[in-house]
Amino acid sequence: MDAEGLLLSLELASGSGQGLGPDRRASLLTSLMLVKRDYRYDRVLFWGRILGLVSDYYIAQGVSEDQLAPRKTLYSLNCMEWSLLPPATEEMVAQTAVVKGRFMGDPSHEYEHTELQKVNEGEKVFEEEVVIQIKEETRLVSVIDQIDKTVAIIPRGALFKTPFGPTHVNRTFEGLSLSEAKKLSSYFHFREPVDLKNKTLLEKADLDPSLDFMDSLEHDIPKGSWSIQMERGNALVVLRSLLWPGLTFYHAPRTKNYGYIYVGTGEKNIDLPFML
């Protein structure tokens, strides 16, 4: 959710229990504006909160002028002091995949993982147990990256792609109609397309290249991983991810108000395919 409309956004998402106390709201309003100024971002998004056993991680993201350029991620434990996280790598994601359970809420905490590694001694090959230390900050980077790639959402038409490549905020976007807002096909993944590149020219024939340049939610696997509901007498549409419980997207049809927030433990529901 855009930091400039934080109070309204939190109010719209509050039906999912994603609220913050008055002191946290006040701190976020001030500190996120300072983050935007100091880091010279085009926009700052309040991404959400990952719940820890000791304390919670508050996450924000800085967006450059090209809206689909890699976003810079920052975290805070008190909503006032922000630390920049390094970009996620495939090595980080693979390394932290073995860590299970809740976050501690301490960036310097280290998880211990034991794995077997093959060791050569002359002609003999034997397996040896090796203890690997994984920092919680690394796990935090990895989880945020996975959530971004899987369930970060934007409504169709909110961004437009120029013929020269960069993607900008669509200033003429006035919101989805009520009928469009009820369809999963009206929502896109807020990242560079993956599935779109594999479509045939015939499948792309009816697409508008300036608007339909991201992957639609309707083809997400597993089918049924999104819950879509109308609330407040059809004045608000709310999408919730069943794959990453805690991710809530909201949009008020026929208005510019939309956004998403994640409030959860940072754990993926790996049993979802068996629950549907």
Side-chain angles (χ1 to χ4, degrees), residues 1-21 24-25 28-29 32 43-52 56-61 63 71 73 75 79 102-103 140 143-156 158-159 175-176 178 180-191 214-218 220 222-272 275-276:
M1 53 177 66
D2 203 310
E4 290 188 1
L6 185 66
L7 294 182
L8 174 62
S9 299
L10 287 171
E11 177 64 29
L12 292 174
S14 62
S16 300
Q18 320 291 39
L20 291 172
R24 293 297 190 195
R25 292 185 184 211
L28 281 172
L29 272 173
L32 290 180
R43 289 195 300 152
V44 171
L45 308 176
F46 177 56
W47 186 92
R49 188 164 101 232
I50 291 181
L51 309 174
D56 298 340
Y57 292 104
Y58 294 85
I59 312 296
Q61 289 186 326
V63 184
R71 298 187 282 279
T73 303
Y75 76 90
C79 295
R102 293 281 301 273
F103 276 83
L140 185 66
V143 166
I144 293 170
D145 180 64
Q146 288 178 70
I147 292 173
D148 273 346
K149 287 179 177 176
T150 314
V151 290
I153 313 174
I154 203 154
R156 182 182 184 272
L159 301 178
L176 299 171
L178 191 57
E180 288 175 332
K182 296 178 181 179
K183 302 174 186 174
L184 273 181
S185 57
S186 299
Y187 304 97
F188 296 145
H189 287 284
F190 187 23
R191 54 162 166 75
M214 292 178 283
D215 294 327
S216 167
L217 262 59
E218 65 177 330
D220 278 13
K223 285 277 187 184
S225 60
W226 289 101
S227 154
I228 184 165
Q229 295 171 312
M230 300 302 297
E231 297 181 0
R232 304 192 183 189
N234 284 349
L236 187 71
V237 60
V238 177
L239 276 75
R240 295 181 178 90
S241 173
L242 305 181
L243 189 63
W244 286 94
L247 189 288
T248 302
F249 169 87
Y250 63 89
H251 174 48
R254 296 186 293 272
T255 75
K256 296 181 178 183
N257 297 324
Y258 69 87
Y260 63 87
I261 183 171
Y262 177 84
V263 179
T265 59
E267 295 173 285
K268 186 178 182 180
N269 181 10
I270 57 175
D271 297 324
L272 182 63
M275 298 165 67
L276 296 173

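In this chain, numbering begins with 1 at the start of the sequence shown.
With rounding to the nearest 0.5 Å, the separation of CD in E180 from OG in S186 is 5.0 Å. To the nearest 0.5 Å, atoms CD (E218) and NZ (K223) are separated by 6.5 Å. In this structure, E267 CD and W244 CH2 are separated by 9.0 Å, a value rounded to the nearest 0.5 Å. Separation of atoms OH (Y250) and CD1 (I261) is listed at 8.0 Å; rounding is to 0.5 Å. Summarising the geometry, atom CG belonging to L242 is positioned 10.0 Å from atom CZ belonging to R240; distances are rounded to the nearest 0.5 Å. Here the CG atom belonging to L51 is positioned 7.0 Å from the OG1 atom belonging to T265, to the nearest 0.5 angstrom.
Residues that satisfy the side-chain contact (heavy atoms from CB on, under 4.5 Å) test with I228, not counting sequence neighbours, are Y187, V237, L239. Listed by chain and residue number, D2 satisfy the salt bridge (charged side-chain N to carboxylate O under 4.0 Å, His left out) test with R43 (two or more places apart in sequence, or in another chain).
Looking only at side-chain heavy atoms (C-beta outward), D215 and R191 come within less than 4.5 Å of each other. Side-chain contact check for M214 versus R156: every heavy-atom pair is 4.5 Å or farther apart. No side-chain heavy atom of W47 sits under 4.5 Å from any side-chain heavy atom of R71. Here the side chains of I50 and I144 are in contact, with some heavy-atom distance below 4.5 Å.
Shown here for S216 and F188, the closest heavy-atom pair between the two residues is CA-CD2, 3.6 Å. Contact detail for A252 and L236: the closest heavy-atom pair is N-CD1, 4.0 Å. Closest non-hydrogen pair, Y258 versus P155, comes out as CD1-CD, 3.5 Å. Considering every non-hydrogen atom in both T150 and W226, the closest pair reads O-CZ2, 4.4 Å. When all heavy atoms of H189 and K149 are compared, the pair lying nearest together is ND1-O, 4.2 Å. Across all non-hydrogen atoms, the minimal contact from Y262 to L247 is CD1-N, 3.6 Å.
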Legend entry - Stepwise side chain to side chain contact (heavy atoms under 4.5 Å, CB included) check, L176 with K183: CA-CA 10 Å; L176 299 171; K183 302 174 186 174; over 6 Å; no
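When I153, V151, D148, L45 are each tested for a side-chain contact (heavy atoms from CB on, under 4.5 Å) with F190, only one passes: L45.
When atom types are taken as modelled, the side chain of S225 and the backbone of L243 share no donor-acceptor pair closer than 3.5 angstrom.
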